[in-house]
Q: 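The structure that follows is given in the form of C-alpha cells.
Sequence lines set the chain letters: A, B, ... in the order given, protein chains first and strands last, and positions in each chain run from 1.
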Amino acid sequence: MPAVSMTVNGKPVTADVDPRTLLVQFLREELRLTGTHVGCDTSQCGACVVHVNGRAIKSCTVFALQLEGAKVATIEGLANGDQLHPMQEAFRDNHGLQCGFCTPGMIMAAVDIVNRKGHDLDEHTIRSELEGNLCRCTGYHNIVKAIAAGARAMGSGAAVTQKAAE
Amino acid sequence: MAMVMDGEVQLPAPREVVWAKLNDAEVLKACIPGCESLEKLSETEFQAVAVVKIGPVKAKFKGKVRLSDLDPPNGYRISGEGDGGVAGFAKGGATVALTPKDGTQLSYHVDAQIGGKLAQLGQRLVNGAAKNMADQFFKNFVAAVS
Amino acid sequence: MSATGIGATVRRKEDQRFITGKGHYTADVNRAGQTHACFVRSPHAHARIKGIDATAASKMPGVVAVLTGADLAVDKLGNLICGWMIHSKDGSAMKMAPHPALAQTKACHVGDPVAVVIAETLAQAKDAAEKVQVDYEVLPAVADPAQAQSAGAAQIHEVAPKNTIYQWQLGDKGKTDAAFQSAAHVTKLDIVNNRLVPNAIEPRAAIGEYDSGTGHFTLWNTTQNPHVARLVIAAFIGMAPEHKLRVIAPDVGGGFGSKIFIYPEEVVALWASKRVGRPVKWVAERVESFLSDAHGRDHVTHAEMAFDRDGKVVGLRARTIANLGAYMSTFSSSVPTYLYATLLSGQYNIPNIYCEVDAVYTNTVPVDAYRGAGRPEATFVVERLVEVAARELSIDPAELRKRNFIHQFPHQTPVILAYDAGDYNASLKKALELADYKGFAKRKRESARDGKLRGIGLSAYIEACGLAPSQAAGSLGAGVGLWESAEVRVNPTGSVEVLTGSHSHGQGHETTFAQLVSERLGIAIDNVSIVHGDTDIVQFGMGTYGSRSGAVGMSAIVKALDKVEAKAKKVASHLLEAAEGDIVFKDGKFTVAGTDRSVPWGDVALNAYTAHKFSGQELEPGLKETSFYDPTNFTFPAGCHVCEVEIDPDTGETEIVNWTAVDDFGVLVNPMIVEGQVHGGITQGVGQALLERAIYDKDGQLVTGSFMDYCMPRAHDVPSFKVGVTVTKCPSNPLGIKGCGEAGAIAAPAAVINAITDAIGSEQIAMPATPQAVWTAIQRGNATRKAAE
C-alpha cells in the first residue's frame with residue numbers, strides 16, 4: 001500500500017493506505033478523528049466538511065492519497081485548547097444544533113463562509129452559502145442565527161456574549 | 001425503471017453483408033461498448049460480459065444474449081439480461097430491421113429495464129447513457145461493415 | 001422560576017461534545033477484533049430466490065463468512081414483528097406476513113437483504129458482496145397502494161389475499177351518512193399524502209458482539225428505544241434471553257420515528273457476531289437508508305365534510321388506503337388507524353365522523369411512523385377540507401374555523417379521544433395578529449404589482465401525544481405499555497443521576513431533565529447527570545417517540561423525586577430531631593416549619609448514606625428512588641400556523657415569505673429548545689409540501705433513492721420563523737406538559753398547500769408542490785378561466 005503524509009490539526013501524520021481510501025475514512029478510521037461524519041455517499045449532506053489548506057471541502061470527495069503534503073483541519077482542531085472557537089460558541093449560544101450529527105460539518109462550513117464572505121453576513125447570504133449542508137433537526141433557523149453571531153464574534157476577536165435567550 | 005429508444009442508421013454495405021455481421025459474435029463483441037467477452041453457446045445464444053458505467057455506478061454485467069425472430073436478411077430481435085451484482089440488473093432488447101436503400105438502412109427499436117442501484121442512482125442518466133451506448137455501437141458497426 | 005429551572009432558557013449541556021467533535025455515535029464505536037458487514041440486497045421488487053451461490057465470494061480476500069436466510073433458518077431465529085394488533089371490521093386479525101431478517105424464499109422489495117458478507121475490512125466485504133450470485137426468478141410487482149387490491153395485482157404474501165392487511169373502520173357510519181344526507185353543503189377532496197423518507201442525517205448502524213465466556217450479547221445501535229429493541233430481539237427473534245442481551249444506544253443523530261423500529265440489520269449483526277465469534281459492525285450507506293429505513297405517510301384518501309346552513313360542520317367521512325410496504329414494520333399498523341382517524345375531529349366540534357382504512361402490502365420498503373405519524377395525515381385531511389369549504393362557502397377561512405372550534409373542555413369526540421384542555425381561539429387570534437392577517441390584502445396587491453401571486457394559508461392542528469395510558473393503548477391493540485420509568489440516584493455528596501427510560505436523539509434531555517431536578521432539589525444544573533440509552537444501566541423504559549418524553553418521561557422523574565423528597569424528609573427529621581410531618585423542603589433546604597432550624601440538601605444526602613443519625617430499624621440507609629409513571633390521558637397539543645407564500649407565475653416557484661406558528665404545548669420547560677423543535681418540525685412539513693417524495697416506478701424500483709433525486713429541504717428553502725405560544729396547562733400530568741416534537745411537521749403541510757391554492761386560485765394541488773406542479777396548475781386555471789369567458 002502506498003504511503004501518504006499530511007498535517008492534520010497541526011500534527012504531521014504518515015500512513016500506508018489502500019489507494020481507494022477517502023479522506024473522511026482516513027480521518028475516521030486511521031486517525032480515529034470521529035468528529036467528521038458521513039451522512040451520505042453522494043456528496044450532498046456536508047456532514048464531512050473539513051478544511052484543506054484553509055478551504056472547506058467535503059472529505060468524502062477526495063482520496064487521502066491526493067492530499068500529500070496538505071494541511072487538514074477538522075472539528076477536533078478548531079478550539080484552542082479549552083477555549084472554543086467563536087463559531088463553536090455561537091452554535092451553542094444560539095441553539096444551532098440538536099442531534100449534533102451535521103454540526104461538525106456545519107461549523108467547518110460556517111468558518112469557511114466567514115473566511116470568504118467576511119464578518120457581516122446577512123440572512124440571505126448565509127442561507128445560500130449553506131447550500132452544501134443538510135440538517136434535518138433544526139430547520140436552519142438557529143443555524144443561520146448562529147453563523148451570523150459567530151461571524152461577528154470572529155470579527156471582533158471577542159467571545160460571543162450573545163445569549164441564547166435572544 | 002423502463003425506457004424505450006428508436007433510431008435509424010445508414011450502413012454503406014449490402015443487406016446480406018450487414019446481416020452476416022449482425023450474426024457474427026466477433027463483430028458484435030467488438031462493437032458492444034465495454035464488452036469483455038462474448039462466447040457463442042449456440043447459433044442463437046451467447047454468454048456475454050460487459051462493463052457498463054452509468055453516472056456514479058460502474059459494474060460488470062454478466063448474462064445471456066439471445067437472437068430471436070430471425071428473418072434473414074430482413075432482421076431479428078436481440079435481447080438479453082445482465083446481472084450486475086450489487087449494481088443491479090439491466091434487461092431488454094432491440095428489434096432490428098434491415099432495408100436495402102443506398103446500401104442498407106438499419107432501424108432499431110430498443111426497450112430496456114434497469115433495476116437496483118442502477119435505477120436508484122443512475123435513473124436520470126440512463127436515457128442519455130443508453131443513447132450514448134447505441135451511438136457508440138453503431139459507430140463501431142459502421143466501421144465493421146465498411 | 002430559577003435561572004436554570006422549569007421555564008428557563010438554558011444553554012444545552014450536551015452541546016460541548018457535539019461542537020467539539022466529541023460526540024459518540026454508533027459508527028464511532030470500534031471493538032477489538034471487529035469485522036465488517038455488507039448486505040447483499042435484492043435489485044428486484046419481487047422475486048423468488050432460487051438459489052444463492054456464495055462460493056466465489058467466500059474465497060475473496062478477507063472474507064470471514066457469507067450468511068444467508070437459510071443459515072438464519074438453521075439457527076431457528078424468529079421473524080421481525082409488528083407489535084400493534086388491528087382488527088378488521090369483520091373481526092378478523094390483521095394479516096401479518098413472515099418477515100425474516102434475511103429473505104428466505106423470496107425478496108419483496110428492492111433493498112430486501114438476502115445475504116450478508118462478513119469480512120476483515122469494509123472494502124473487502126463490499127468486494128466480496130459483488131461476487132455473491134443470487135439466482136432470482138423475477139415476479140410481477142405492485143408499488144402503487146391504489147392498485148394493490150385490484151384483481152390483476154401481484155400477490156405478495158399468501159396470508160394476505162388481495163394484499164389487504166386489514167379493513168378497519170372507526171365511527172358511526174349510519175349516523176354520519178344521515179348527517180351528509182341532510183347537509184346544506186358538502187366539500188369533497190381527493191388527497192394523496194406523499195410518501196416520505198425520514199433521512200435522519202446519521203445513517204442507521206449496528207455493532208453486534210458476543211461473549212462466548214458468558215453467553216452475553218451486546219448491541220450498539222442507532223435506536224430511539226433500546227429496551228423495546230432488546231425485548232423484541234429477545235422475545236420474538238429469540239436471539240438470547242433479555243438478561244443476556246445488552247442494547248446500547250449511544251449518541252443518536254436524529255430519529256424522527258425511523259429509529260424506533262427493530263430492523264433486520266441489527267438482528268443480523270448480533271447473530272453473525274456469534275456465528276463468526278467476533279464483533280460485527282454495519283453502518284448504512286445513504287443509498288441503503290433509502291432502501292431499508294421505514295418510510296412515512298403514503299396515504300390515498302377521499303374525504304368529505306358536510307356543513308349546515310350556518311357553516312357548522314355536521315359530518316366528516318374519509319376513506320383511506322394506507323401503504324404499509326412489503327412487510328409490517330414494528331408499529332406500522334397503528335399509524336393509519338389509531339394515530340390517524342382518531343384525530344379527524346381536528347379542533348372542531350364535529351358530531352359525526354366515520355373513517356374506513358384499508359392497509360395494503362406493496363413491493364416497497366415498509367412504511368411506519370415518521371414525525372407526526374398519522375396525525376399529519378389527519379390534519380392535512382381536516383385542514384384542507386375546511387380551507388376549501390371556506391372558499392366554496394365564501395366565508396373567511398379564519399372565521400369558518402372559529403365558528404366550529406371546540407370551546408368546552410373536556411370534549412368527547414366521536415372518534416375515541418377526549419380532549420382535556422385547550423383554547424383554540426386564543427392560538428388562532430395570536431397567530432393572525434403575529435402574521436398581520438389584516439394586512440395581507442395590501443401585501444397581495446404589492447406582490448401583484450411585482451407580477452407575483454401571493455397567498456396565505458392557515459392550519460389549525462391538533463395532535464394526541466404523550467403516548468399514552470397503557471390500559472387505553474392496550475385496549476386499542478398495543479402490544480406494549482406506554483408508561484415511562486425514572487430512577488433518581490442521589491449521591492452522598494448531593495449530586496444526582498437520573499436514569500431515564502426516555503432516549504434523547506437531539507431533543508436535549510440532558511438539559512431539560514436536569515432543569516426539572518435542579519428546580520425541584522435546589523441544586524445546580526451541573527450537579528445533575530441524565531443517564532439513558534443502555535439497558536444494562538437503566539431500568540426498563542419505553543423510549544422516545546410521539547412527543548412523549550416531556551409529558552411521560554419527565555412525569556416519571558417527578559414521581560421519583562416525590563419519593564426522594566419523602567425519604568429525604570425522614571432523614572432530615574432525624575438530623576433536626578423534629579417530627580417528619582413538620583419538615584418543609586424548599587429552595588434546597590429542609591426546615592422545621594415555623595422555625596429557623598434547617599439542614600441543607602447536601603447534609604441530608606450525606607447523612608442518608610453515613611446513616612449515623614438513625615438506626616436501620618427506623619430507616620433504610622441510602623437515597624435512591626424509582627418510579628414507573630403511566631399517564632391518565634393522551635395530551636393534546638394544538639395551535640395555529642400561518643404560511644404566506646409568493647409564487648412566480650412564470651416559473652411556478654414558491655417562496656415562503658412569512659411563517660407564523662402559535663402553539664399551545666402546555667408548560668414549557670426550556671423555551672429555546674421548544675422553539676428549536678418547532679423550527680425543525682415546520683421544515684420537515686415544508687419539505688413534504690414543496691420538495692420531498694419517494695417515487696417508485698411501476699416495477700417497484702425506487703427512483704428517488706439518494707440525495708441527488710430526493711429533494712431534502714435546505715437552508716434557502718425556508719424562512720426564519722415567527723414562533724409564539726399560548727398556554728393551557730395539560731391536566732393529565734403533574735407538570736402540565738403537552739409535548740412539542742411533532743407539531744411543526746403536523747401543522748405545516750396543510751398551511752403551505754392552503755397558501756399555494758389561495759395564491760393560484762385552485763382547490764387542488766398535489767404534494768410536493770414543485771415549481772412544475774404549481775406552474776401546470778396555474779396554466780390549467782388560466783385555461784379554465786379563458787374557457788369560461
Q: Could you tell me whether the side chain of C:D15 and the main chain of A:F91 form a donor-acceptor pair under 3.5 Å?
A: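 No, C:D15 side chain to A:F91 backbone: no donor-acceptor pair under 3.5 Å.
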Q: Under 4.5 Å heavy-atom distance to chain A, tell me which part of C:V686 shows up: side chain, backbone, both or neither.
A: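 Neither part, no heavy atoms under 4.5 Å.
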Q: What part of A:L78 gets within 4.5 angstrom of chain C, counting heavy atoms only: side chain, backbone, both, or neither?
A: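 For A:L78, there is no contact with chain C at all, as no heavy atom is under 4.5 Å.
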Q: Are more than 12 heavy atoms from other residues, nucleotides or ligands located less than 6.0 Å from atom CZ of A:R55?
A: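 Result for CZ/A:R55: open.
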Q: Within the 4.5 Å heavy-atom criterion, are A:S43 and C:F707 side-chain neighbours or not?
A: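 A:S43 does not reach C:F707 side chain to side chain.
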Q: Rounded at 0.5 Å granularity, tell me how far CD in C:E675 sits from OG1 in A:T138.
A: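 Nearest 0.5 Å value for the CD-OG1 distance: 13.0 Å.
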Q: Are the side chain of A:Y140 and the backbone of C:P713 linked by a donor-acceptor contact shorter than 3.5 Å?
A: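 Looks like yes, one N/O pair under 3.5 Å.
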Q: When rounded to the nearest 0.5 angstrom, what distance separates CG in A:L134 from CG in C:N199?
A: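 It is 8.5 Å, given to the nearest 0.5 Å.
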Q: Verify, without hydrogens or angle tests, whether C:R11 (side chain) and A:D93 (backbone) share a donor-acceptor contact under 3.5 angstrom.
A: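 The answer is no, because no donor-acceptor pair under 3.5 Å joins these two groups.
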Q: Is C:E653 atom CD crowded by more than 12 heavy atoms from other residues, nucleotides or ligands, each under 6.0 Å away?
A: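 Not buried by this count: 12 neighbours or fewer within 6.0 Å.
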Q: Should C:D28 and A:R32 be marked as a salt bridge (Lys or Arg N to Asp or Glu O under 4.0 Å) after you check the CA-CA gap, both sets of side-chain angles, and the distance that decides it?
A: CA-CA 8 Å; C:D28 302 337; A:R32 292 284 193 251; over 6 Å; no
Q: Is the count of non-hydrogen atoms from other residues, nucleotides or ligands lying under 6.0 Å from A:Q66 atom CD greater than 12?
A: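 Yes, the 6.0 Å shell around CD holds more than 12 heavy atoms from other groups.
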Q: Could you check whether atom NZ of C:K722 has more than 12 heavy atoms from other residues, nucleotides or ligands sitting under 6.0 Å from it?
A: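 Yes, NZ of C:K722 has more than 12 neighbouring heavy atoms, counting only those of other groups under 6.0 Å.
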Q: Calculate, to the nearest 0.5 Å, the distance between atoms CD and OG1 belonging to C:E285 and A:T42 respectively.
A: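 Going from CD on C:E285 over to OG1 on A:T42, the span is 10.5 Å.
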Q: Classify the ring geometry of C:H679 against A:H141: parallel below 30°, tilted from 30° to 60°, perpendicular beyond 60°.
A: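 Aromatic pair C:H679/A:H141 classed parallel.
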Q: Out of C:H505, C:Q684, C:E14, which one racks up the most heavy-atom pairs below 4.5 Å with chain A?
A: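 Top option by heavy-atom pairs under 4.5 Å: C:Q684.
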Q: How far apart are the C-alpha atoms of A:C137 and C:F256, what are their side-chain angles, what is the distance that settles it, and do they pass the side chain to side chain contact (heavy atoms under 4.5 Å, CB included) test?
A: CA-CA 9 Å; A:C137 294; C:F256 316 112; 3.7 Å; yes
Q: At a 4.5 Å cut-off on heavy atoms, which part of A:E129 comes close to chain C: side chain, backbone, both, or neither?
A: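 No part of it gets close to chain C.
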Q: Could you check whether any side-chain heavy atom of C:I673 comes within less than 4.5 Å of a side-chain heavy atom of A:H95, counting everything from C-beta outward?
A: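 A side-chain contact under 4.5 Å exists here.
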Q: Can you tell me which of C:G21, C:A200, C:G253, C:S720 forms the most heavy-atom pairs within a distance under 4.5 Å of chain A?
A: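 Result: the option with the highest number of such pairs is C:S720.
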Q: Top residue by heavy-atom pair count (under 4.5 Å) with chain A, among C:R17, C:R371, C:Q507, C:R12?
A: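 Ranked by heavy-atom pairs under 4.5 Å with chain A, first place is C:R12.
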Q: Is the backbone N or O of A:G39 less than 3.5 Å from a side-chain atom of C:R286, with the two atoms forming a donor-acceptor pair by type?
A: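 Between the backbone of A:G39 and the side chain of C:R286 there is a qualifying donor-acceptor contact (under 3.5 Å).
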Q: Which residue out of C:I682, C:N30, C:V678 racks up the most heavy-atom pairs below 4.5 Å with chain A?
A: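 It is C:N30.
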Q: Under a 4.5 Å cutoff for heavy-atom pairs, which residue among A:D41, A:I107, A:I75, A:I126 has the most contacts with chain C?
A: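 Top count of heavy-atom pairs under 4.5 Å with chain C: A:D41.
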Q: What distance separates C:M672 CE from A:N142 CG, expressed to the nearest 0.5 Å?
A: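 Going from the CE atom of C:M672 to the CG atom of A:N142 covers 8.0 Å.
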Q: Among A:G35, A:C40, A:A79, which residue has the highest count of heavy-atom pairs closer than 4.5 Å to chain C?
A: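 Result: the option with the highest number of such pairs is A:C40.
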Q: Do the non-hydrogen side-chain atoms of A:L84 and C:Q16 ever get within less than 4.5 Å of each other?
A: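 Yes, at least one pair of side-chain atoms sits under 4.5 Å.
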Q: Measuring only between side-chain heavy atoms, which start at C-beta, is C:V718 closer than 4.5 Å to A:R127?
A: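 A side-chain contact under 4.5 Å exists here.
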Q: Please classify the contact between C:Y25 and chain A as side chain, backbone, both or neither, with a heavy-atom cut-off of under 4.5 Å.
A: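 The side chain, not the backbone.
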Q: Taking C:G676, C:A27, C:G23, C:G254 one by one, which has the highest count of heavy-atom pairs under 4.5 Å against chain A?
A: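 Option with the top pair count is C:G676.
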Q: Please flag which part of C:A284 lies under 4.5 Å from any non-hydrogen atom of chain A: side chain, backbone, both or neither.
A: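 Neither part, no heavy atoms under 4.5 Å.
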Q: Is the shortest heavy-atom distance from the side chain of A:Q44 to the side chain of C:R714 under 4.5 Å?
A: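 Yes, side chains in contact.
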Q: Between A:H37, A:E123, A:R20, A:E76, which has the largest tally of heavy atom pairs under 4.5 Å with chain C?
A: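 Highest number of pairs under 4.5 Å: A:R20.
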Q: Can you tell me if A:R136 uses its side chain to pair, donor with acceptor, with the backbone of C:I201 under 3.5 Å?
A: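 No.
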Q: Need one label for C:P671: side chain, backbone, both or neither, based on atoms under 4.5 Å from any heavy atom in chain A.
A: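 When you check distances to chain A, no heavy atom of C:P671 falls under 4.5 Å.
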Q: Check whether any side-chain heavy atom of A:Q88 lies under 4.5 Å from a side-chain heavy atom of C:T20, and answer yes or no.
A: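 Yes - at least one pair of side-chain heavy atoms lies under 4.5 Å apart.
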Q: Mind listing the closest non-hydrogen atom pair of C:F721 and A:G139 along with its distance?
A: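 For C:F721 and A:G139, the tightest heavy-atom pair comes out as CE1-O, 3.8 Å.
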